[in-house]
Each structure stands twice: as C-alpha cells, then as structure tokens.
**Student:** 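Have a look at the structure that comes next, please.
The shown structure was predicted, so the numbers you read here are calculated from the model rather than taken from an experiment. The chains referred to below are lettered A, B, ... by the order of the sequence lines, with proteins before strands, and numbering in each begins at 1.
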There are 4 protein chains.
Amino acid sequence: GHPLVLIAGPCVIEDEETTLGIARQLKSIAEEVGGALVFKGSFDKANRTSVDSFRGPGLVEGLRILQRVKDELGLPVVSDIHEASQVEEAAQVLDIIQIPAFLCRQTDLLIAAGSSGRVVNVKKGQFLAPWDMENVVAKVGSTGNQNVLLTERGTTFGYNNLVVDMRSLAIMRQGGCPVVFDATHAVQLPGGAGGASSGQREFVGALSRAAVAIGIDALFWEVHHDPARALCDGPNSLALDNVKKLWREMLAIDSIVKGTDAS
Amino acid sequence: GHPLVLIAGPCVIEDEETTLGIARQLKSIAEEVGGALVFKGSFDKANRTSVDSFRGPGLVEGLRILQRVKDELGLPVVSDIHEASQVEEAAQVLDIIQIPAFLCRQTDLLIAAGSSGRVVNVKKGQFLAPWDMENVVAKVGSTGNQNVLLTERGTTFGYNNLVVDMRSLAIMRQGGCPVVFDATHAVQLPGGAGGASSGQREFVGALSRAAVAIGIDALFWEVHHDPARALCDGPNSLALDNVKKLWREMLAIDSIVKGTDAS
Amino acid sequence: GHPLVLIAGPCVIEDEETTLGIARQLKSIAEEVGGALVFKGSFDKANRTSVDSFRGPGLVEGLRILQRVKDELGLPVVSDIHEASQVEEAAQVLDIIQIPAFLCRQTDLLIAAGSSGRVVNVKKGQFLAPWDMENVVAKVGSTGNQNVLLTERGTTFGYNNLVVDMRSLAIMRQGGCPVVFDATHAVQLPGGAGGASSGQREFVGALSRAAVAIGIDALFWEVHHDPARALCDGPNSLALDNVKKLWREMLAIDSIVKGTDAS
Amino acid sequence: GHPLVLIAGPCVIEDEETTLGIARQLKSIAEEVGGALVFKGSFDKANRTSVDSFRGPGLVEGLRILQRVKDELGLPVVSDIHEASQVEEAAQVLDIIQIPAFLCRQTDLLIAAGSSGRVVNVKKGQFLAPWDMENVVAKVGSTGNQNVLLTERGTTFGYNNLVVDMRSLAIMRQGGCPVVFDATHAVQLPGGAGGASSGQREFVGALSRAAVAIGIDALFWEVHHDPARALCDGPNSLALDNVKKLWREMLAIDSIVKGTDAS
C-alpha cells in the first residue's frame with residue numbers, strides 16, 4: 001500500500017490569516033517528517049449542536065481562502081458540503097469533496113458530488129454498519145465516479161458517546177475504497193457539554209496509532225494552534241505543537257504494517 | 001392531556017388514486033373508533049438505502065395530491081422536507097412540516113421550517129440522546145415558532161438494529177413539546193436486507209401499546225393496503241386491515257393512562 | 001393469559017422486623033387492589049459494586065426470615081442464589097429460586113437450581129440477546145424441570161446505562177416461558193455513582209406501564225419504606241407509599257391487554 | 001514499559017498430549033521470536049452457550065496437566081476459576097488465576113483469588129465501563145494483593161456482537177494495573193451460531209495490532225493446531241501456524257510504541 005496520508009487543518013475556517021498560518025506550519029512539519037499532506041477546513045458548520053455556535057465564513061469566502069492555500073502552498077484541499085447546490089462552486093477549488101456523516105445517505109448530495117468528477121470522501125454515519133457503506137459507494141458510483149474515500153469517525157454507543165469499532169477499517173477497506181480514520185471526531189462526546197459537543201483530545205494519539213496499525217490509507221486530524229480558543233471542536237482538536245511527534249510515530253507504525261520499512 | 005392522535009398514511013405517495021384510497025379508508029376507521037387523524041405521505045424519499053429505490057412523485061406533484069386529501073377529506077396532512085428551499089412551497093399545503101431523523105441537526109433546515117409558521121415535527125436522530133433534542137427545539141424556537149413536535153423512532157443499537165428507549169418519551173415530554181412515537185420506523189432494521197432496510201412489522205403493535213402506556217401525544221404508523229407490494233418500507237408497514245383493532249386498543253390504554261376514561 | 005403477578009420486596013433483607021413490616025404492608029395492598037403477590041428479598045448481594053457495601057444476613061438467617069414471611073403471611077417467596085452449593089438449603093424455603101443476571105450462563109448453577117424442582121427465575125444477562133435465553137432454558141430443562149421464568153432487566157447500552165428493549169418481552173414469551181419485567185433493576189445506572197450503582201426511580205412507573213401494555217406475566221419491583229435510607233438499591237427502589245396507586249394502574253392496563261376486563 | 005508478553009494456549013484443555021504439544025510449539029516459537037510467553041488453558045468451561053458443549057477435564061486433571069507444562073517446559077501458566085472453593089487447589093499450580101468476565105463482580109470469588117497471593121487476572125465484564133474496574137481492583141486489593149491484571153475482551157454492542165473500545169486499554173492502564181488485550185475472545189459473536197458462539201478469526205490480527213499500538217502489557221490469544229476441530233472457541237482461535245508471523249509483527253509495533261527499539 002501507499003504510505004499514510006495526513007488530512008489536517010482547523011475544524012472551521014476562522015479567518016484568512018489564521019487559516020494560512022496553520023497551513024504553513026503543517027506544510028513545514030510535513031516536509032520535516034516526510035509525510036503526504038492534504039489541507040482541511042470547513043467553510044460552514046451546518047449542524048452545530050446549538051443555533052448560537054460559530055458557523056464559518058460561508059461558501060464563497062471559504063473557497064477563496066482555500067484557493068489561497070492551494071496557490072501559495074501547493075497543498076491539495078478538502079472541505080465538506082451540505083446541499084447539492086454547493087457542488088458546482090466547491091468543485092472549482094476542492095480536490096476532495098467531503099460528505100458529512102449525518103448526510104451520508106442523502107442520495108442527491110452523493111450524486112451531485114460524484115458528478116463533479118472530484119474525489120468524494122464520505123464519512124460513515126454514526127448510525128451505519130461498515131458494510132452498509134457499500135450502498136453509499138454505489139450511489140456515488142452511479143455517476144461513473146469511482147474515486148471514493150470512506151471515513152470512519154465512530155459509531156453511536158449509548159448516549160453522548162461514540163465508539164470506534166476498529167473492525168470497520170478492515171471491513172470498509174475490503175470493498176476497495178481507500179479508508180480514512182478521522183481520529184479527532186471519533187473522540188467527540190456528542191452533546192456532551194449540553195449546548196455543545198465535548199471531546200477527549202487525550203485519546204487522539206492512542207486511537208490514531210491503533211488505526212494506523214490496522215492499516216489505513218489516511219488519517220484525519222483537526223488541529224489548531226490554540227485548541228482552547230478554537231471556535232469549533234476545540235475539545236477534540238490536536239494542538240499544532242504536538243503534530244510533529246505524533247505524525248512521526250504514525251509513519252513508523254505505518255511502515256511496519258505496510259512492509260515498506262526501508263531501514 | 002389530550003386524547004391520542006394518530007398520524008398515519010403510506011411511507012411514500014405511490015400514485016394519486018392509491019393515496020386517496022388509503023386516506024379514505026383511514027378516515028372511515030377514524031370515525032368508527034372516534035380517534036383524531038392526521039394524514040401522512042412523503043413526496044420524496046431522499047435517503048433510501050439504494051440508489052435504485054423508488055423515491056416518490058416529487059415536491060410539486062406530491063403536494064398536489066396532499067392538497068386533494070385535505071380538500072376532499074378535510075384531514076390535516078404532514079410530509080417531510082430535505083432542503084431549506086422546499087419549505088416555502090411545502091408550507092402552502094402542509095399542516096405539519098416534518099424533519100427527517102438524519103437531518104435533525106441541520107440548522108438551516110430547522111430554521112427554514114420554523115420560519116414558515118407551520119407546526120414542525122422533528123424526528124430524533126438515531127444518534128442523539130433524548131435530552132439533546134432541547135438544542136433542536138431551540139433552533140426552531142429561534143424563529144419565534146414554538147409549535148414543535150418531537151418524534152421518537154429508535155436509537156442505534158449495534159449494527160442493523162434499533163432499540164426504542166421508552167425513557168426517551170418521558171424525557172422529551174418533560175421539555176414541554178408534544179411527543180410522537182413512530183412505531184413503524186422504530187421496528188426498522190436499517191440496511192438489514194443488504195440493499196434495503198428490513199423491518200419487524202410483528203412488533204409494531206407491542207411497541208405502540210408500550211409507548212401509549214407511557215403517555216404520548218401522537219402515534220405514527222405507516223400503513224399500506226398491501227404492505228408486501230409497498231414501494232417503500234413494506235416490511236415495517238402495517239396492513240390497513242389491522243388498523244381498526246389496534247387503534248381501539250391504543251385508545252383504551254390512552255384513556256386509562258390519561259385518566260380520561262369516561263366509562 | 002393469567003392476570004399480572006407482582007413480585008415485590010426489599011432489595012436485600014435488612015433485618016427481621018423491617019422485612020416483615022414491608023411484607024405485611026405489601027400483603028395489605030395486594031388485598032386492597034386484588035392482585036397476586038410474591039415476596040422477594042435477597043439474603044446476600046454477592047456482586048455489589050464496592051467491597052464495602054452491605055451484603056445481607058447470609059443464607060441461613062435470610063432463609064429463616066423468609067420462612068417467617070411464608071408462615072405468618074402465607075406469601076410465596078423468591079430469593080437469588082450465587083453458588084450451586086446453596087440450592088439444597090434454599091429450596092427448602094423458596095418457592096422460586098432466582099438466578100442473577102451476571103450468572104445466567106453458569107451451567108452448574110442452572111442445573112443445580114433446576115434439579116431442586118422449584119420454579120427457577122432466570123434474569124437475562126445485560127449482555128445477552130433475548131433469543132439466546134433459549135439455551136439457558138434448555139440448561140434448566142435438561143434436569144426435567146420446565147418451570148422456568150425469564151426476567152428482563154435491561155441490556156448494556158453504552159457505559160453506565162441500560163436500555164430496555166421492549167421487543168425482548170415479546171420474543172422471550174414466544175418461547176413458552178412466563179416473562180417477568182424487573183422494572184427497578186432496569187432503571188439502574190450501573191456504576192453510575194462511582195463506588196455504587198445509581199438509578200432512576202422516576203422511570204419505574206413509565207417502564208412498568210410499557211411492559212404491562214406489551215403483555216407480561218409478572219412485574220418485579222424492589223420496594224422500601226424509605227428508599228433514601230435503603231442499604232441497597234435505594235436510588236432505584238419504589239417507595240411503599242406509591243405502590244398502591246401504581247399497582248392499580250398496572251392491573252387496569254393488564255386487563256385491557258389480556259382482554260379480561262370484566263367491567 | 002516492559003516488552004509485550006503473550007498469553008497463549010488452547011481455549012480448553014482437550015487432552016494431555018494435545019495440550020503438551022501446543023505448549024511445546026508455542027515455546028519454540030517464543031524462542032525464535034524472542035518473546036515472553038505464559039501458557040493458558042482452561043480446565044472447565046463453566047458457561048458454554050449450550051448444556052451439551054464440551055467442558056474440559058475438570059479441576060484436578062486440568063491442574064495436573066498444567067503442572068506438567070510447568071515442569072517440562074518451564075512456562076508460567078494461567079487458568080480461570082469459577083467458584084471460591086477452587087482457589088486453594090488452583091493456587092498450588094497456577095501462576096496467574098483468571099476471573100472470567102461474567103464473574104468479574106462476584107465479591108467472594110475476587111477475594112478468594114486475591115487471598116491466594118497469586119497474580120489475579122480479571123477480565124472486564126462485557127457490561128462494564130473501563131473505569132468501573134477500579135472497584136474490582138479494590139475488591140482484590142482488600143486482601144492486600146496488589147498484583148492484578150485487567151483484561152479487555154470486548155463490550156456488549158447490540159445483540160450477538162462485541163465491540164472493542166480501544167480507549168478502554170488506555171483508561172484501565174491509567175489505574176496502574178498492567179493491561180491485557182484478549183484478542184480472540186474480543187472477536188467472538190456471542191450466541192451468534194444459535195447453540196454456540198461464533199467468531200471472526202479474521203480480525204484477530206488487526207485488533208491485536210491496534211491494541212499493541214495503543215500500548216499494552218500483554219496480548220491473549222487462544223490458539224489451536226486445528227481450529228476447525230477445536231472442542232471450544234474454534235471460530236475465534238488462531239491457527240498455530242500463523243502465530244510466528246503475527247507475533248513478530250506485534251513485537252515490532254510494541255518496540256516502536258514503547259521506544260525500546262534497539263535496532
């Protein structure tokens with residue numbers, strides 16, 4: 001298999017300079033550790049727990065900022081969409097169009113994303129069995145687009161908690177699509193803080209190592225230079241300062257599992 | 001409390017005459033048993049398991065048929081929407097606008113529905129704790145619309161299965177919104193038939209009795225004159241022939257629980 | 001079906017006079033509401049969360065007290081055992097021998113209980129599917145004893161929480177054994193208080209109504225004259241003062257469901 | 001941390017020569033890969049799904065065979081007990097006394113095991129949160145015995161399925177006890193074959209890699225020279241032929257995670 005790719009960036013695009021700053025730091029770490037990087041940032045958080053939460057700069061402004069990341073840093077970029085009508089504009093900029101977990105069965109959205117010809121990354125719903133993603137892949141595939149990534153981000157486990165069934169990574173990979181493990185959303189405690197989701201940042205490293213040891217194609221981390229002040233998903237975001245050490249660990253495990261250890 | 005209301009109708013509007021036929025029969029049963037009835041039918045099934053499944057007549061044609069049900073039978077009608085852009089047209093016809101479970105956290109959809117001034121029935125996501133619906137109610141309520149119904153339709157319980165936590169009915173009711181129990185979706189086995197969801201029609205009666213005994217405001221049943229040939233949700237739909245007897249049982253339990261037994 | 005039986009009593013036999021006092025009050029309520037009663041009390045709580053918790057008077061003393069309940073009040077009695085070696089003595093006094101949920105697959109214990117010839121009430125493990133109780137019944141049945149009751153007391157649902165899958169009552173009843181719903185253990189929050197289990201007494205009534213509405217043979221309630229001071233399971237025990245009203249509600253629902261309403 | 005230990009052997013002691021044969025092969029592999037080995041075999045399977053299943057040679061004969069393994073091969077041995085009365089004899093032979101998951105809250109059993117002075121390995125019940133094992137450790141610790149191992153073997157996840165919450169390994173390890181991951185029981189499908197448990201041997205390698213990558217003290221594998229003919233747990237047992245390659249992978253990941261890679 002190919003070496004592990006890291007998809008990383010802030011949960012939401014907070015503002016232009018912060019976003020560019022995070023992207024620059026990530027790129028510099030990528031060069032140091034020798035890892036492949038895709039930059040991630042959402043332009044709109046359409047399903048926040050509370051109506052009062054920060055949602056992001058919106059489609060037009062968000063895409064403009066992501067285009068700058070591409071232009072200045074040469075990084076591929078991914079973002080999520082929520083309505084079929086957003087696909088056309090989004091596909092002008094995004095290398096990967098991401099479908100949120102709650103929306104992973106919305107037929108129109110999947111078909112619109114597929115029709116764009118872009119790579120489509122579908123997050124598995126917290127309510128779905130891994131083998132059920134086959135039907136999701138078929139919906140995108142009905143457009144002729146076979147470039148589908150599947151992302152595990154945890155499954156409903158009682159109330160206000162998610163569990164990662166690591167078998168899911170192996171099961172989804174058998175279907176032929178590259179598999180991504182979203183370690184930072186997997187440690188969310190949905191609604192765990194009443195009017196917001198809480199999270200367990202302390203398990204991001206452990207779950208990431210576990211997933212990489214099983215064998216995955218990409219790892220997904222939300223990162224922030226100051227998670228305590230992040231406008232979204234702070235409790236489950238990684239601090240930028242910790243990324244280098246963790247990423248190195250991941251690449252070491254990945255090389256053993258994929259048998260590509262050249263040392 | 002008010003006596004139990006029944007929300008019933010086919011999963012999807014199959015065609016005009018079938019739909020009207022089911023509505024007529026339901027109205028005639030309602031008169032016989034002395035129960036309040038709201039007619040339900042979807043114009044578009046936007047999240048079927050498979051891309052090849054029947055989806056319905058679409059917004060315009062579906063609303064036209066529901067308007068006929070209103071005009072000819074005098075029944076209030078409910079249907080579900082999937083994008084904010086559908087609200088304006090839908091609100092011209094529907095008495096109750098329904099938000100599907102997967103979409104129960106989509107802020108724009110909730111706010112658009114709320115702004116219509118219609119009653120909004122939100123199905124609790126299979127991934128949500130009952131107390132988290134408070135945030136959902138607040139999203140609709142931010143438009144000034146306090147007419148919100150909350151529907152229990154089961155919670156993710158391992159793979160390809162749902163469980164109804166009956167405590168949820170009591171918890172959601174404490175928040176002040178009328179609570180609906182959707183007995184026919186609660187017995188779905190999501191993805192249980194590979195390319196489609198399966199269902200356990202045999203438990204609709206038992207779970208309905210249980211929910212009514214706890215104390216609810218409305219019961220939601222998908223019904224069909226011939227469930228084996230239904231174009232959607234056949235395995236979990238009730239046969240029209242069984243509705244009268246079951247409904248009577250429900251009203252008897254409801255009257256004991258609400259202390260309104262006049263006999 | 002036969003009218004609903006109530007199995008009730010304190011979680012643990014605290015002392016002789018308290019126990020007799022509770023039994024007397026329950027018997028008097030039973031006569032008032034016209035319901036059948038079995039008295040329940042444990043002589044040893046062998047699996048408390050913490051090693052420091054009160055465990056009860058032990059086998060010999062506990063059985064002596066239960067014998068007094070039988071002699072003075074004429075009530076049948078049930079208690080639980082934890083090792084095969086306890087069966088012989090227990091069977092001299094108990095009308096029903098109860099197998100705790102955690103032990104419901106311990107072959108020796110089931111066979112010893114079955115061999116006593118007494119009715120055996122097996123609580124379904126929090127880790128078992130309802131259809132798996134068939135194998136449990138076969139273990140007891142291998143002794144020639146077919147008098148088996150099956151008790152639902154909730155299923156593991158994430159951490160520190162249980163959910164009652166009401167379908168379970170219908171599924172287990174199809175196997176031919178009378179089915180009991182243990183409403184007070186079903187509302188436990190296992191380990192929910194750190195060094196002890198917590199509980200949600202406020203849902204005992206709602207879940208009991210739901211179970212009776214589905215159709216069961218017996219209801220199981222732990223009761224205490226002062227739950228706040230109970231030495232075991234206080235948070236999920238019913239206050240004796242509430243029993244009469246609740247029991248009447250149950251009998252009213254039971255008579256509708258079983259079609260035995262003579263009024 | 002110390003390098004990873006492997007606890008391995010047949011589910012049940014089938015007969016003397018088979019057992020010795022498996023032990024000899026495991027020891028030879030241990031020498032080849034340079035890993036530490038503890039031999040595991042049960043003398044009695046006291047909670048098989050069906051009453052007709054093979055249970056083992058019993059306490060006396062089982063311990064005699066395990067003593068031969070110790071004498072002839074110099075391997076430490078572990079087996080599980082089910083009643084407090086078995087501890088005295090078991091402690092004469094066993095280096096580690098194991099408490100089965102269903103019995104992990106039985107106070108008398110834990111205290112008897114603790115009092116023996118032997119290392120006690122408690123499997124976390126399928127119904128317990130990882131933080132609740134603190135109370136279990138305290139029960140054993142009340143005897144003055146602090147040598148407790150905690151084993152993760154999966155948590156109830158809907159019906160007839162288990163999920164491994166990998167966070168559990170990190171949480172239990174924070175308590176200070178060495179943590180074991182039982183990969184072969186974790187892939188059981190309890191009751192999944194009607195009268196027996198089924199299993200998913202194909203995931204043993206993946207879940208083992210994941211657990212080792214998180215950081216554990218020991219790995220537990222049931223192995224058999226011919227799993228298809230094993231008298232117990234065949235569907236989830238590893239074939240002896242696959243042990244060497246898998247063990248090497250585990251040691252490689254372990255050395256990265258624990259920073260002990262000398263190469």
**Student:** Look up atom CD1 in C/I256 and atom CD1 in B/I256, then write down how far apart they are to the nearest 0.5 Å.
**Tutor:**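 One gets 3.0 Å once the value is rounded to the nearest 0.5 Å.
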
**Student:** Under the side-chain contact (heavy atoms from CB on, under 4.5 Å) test, which residues partner B/V137, sequence neighbours left out?
**Tutor:** B/V148, B/L150, B/C177

**Student:** Identify, with sequence neighbours excluded, every residue that meets ring-ring contact (aromatic ring centres under 6.0 Å, His included) alongside C/F181.
**Tutor:**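 Residues passing ring-ring contact (aromatic ring centres under 6.0 Å, His included) with C/F181: none at all.
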
**Student:** Given the rule in the side-chain contact (heavy atoms from CB on, under 4.5 Å) test, do B/I253 and C/V257 qualify, once you have shown the distances and angles that lead to the verdict?
**Tutor:** CA-CA 8 Å; B/I253 297 173; C/V257 171; 4.3 Å; yes

**Student:** Give me a line-by-line list of donor-acceptor atom pairs from chain C to chain B that are under 3.5 Å apart, or tell me none exist.
**Tutor:**
unit_1 : atom_1 : unit_2 : atom_2 : d
C/N161 : OD1    : B/R167 : NH1    : 3.0
C/N161 : OD1    : B/R167 : NH2    : 3.3
C/L162 : O      : B/R167 : NH1    : 3.4
C/L162 : O      : B/R167 : NH2    : 2.8
C/R167 : NH1    : B/N161 : OD1    : 3.0
C/R167 : NH1    : B/L162 : O      : 3.4
C/R167 : NH1    : B/Q200 : OE1    : 3.0
C/R167 : NH2    : B/N161 : OD1    : 3.3
C/R167 : NH2    : B/L162 : O      : 2.9
C/Q200 : OE1    : B/R167 : NH1    : 2.9
C/R209 : NE     : B/A213 : O      : 2.6
C/R209 : NH2    : B/I214 : O      : 2.9
C/A213 : O      : B/R209 : NE     : 2.6
C/I214 : O      : B/R209 : NH2    : 2.9

**Student:** So which residue, C/G215, C/A170, C/A213, C/G158, ends up with the most heavy-atom pairs under 4.5 Å with chain B?
**Tutor:** C/A213

**Student:** Using the test ring-ring contact (aromatic ring centres under 6.0 Å, His included), find all partners of C/F102 that sit at least two apart in sequence or belong to another chain.
**Tutor:**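 ring-ring contact (aromatic ring centres under 6.0 Å, His included) check on C/F102 returns D/F127.
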
**Student:** What are the two closest non-hydrogen atoms of C/A206 and B/I214, and how far apart are they?
**Tutor:**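 Smallest heavy-atom distance, with atoms named: O-CG1, 3.2 Å.
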
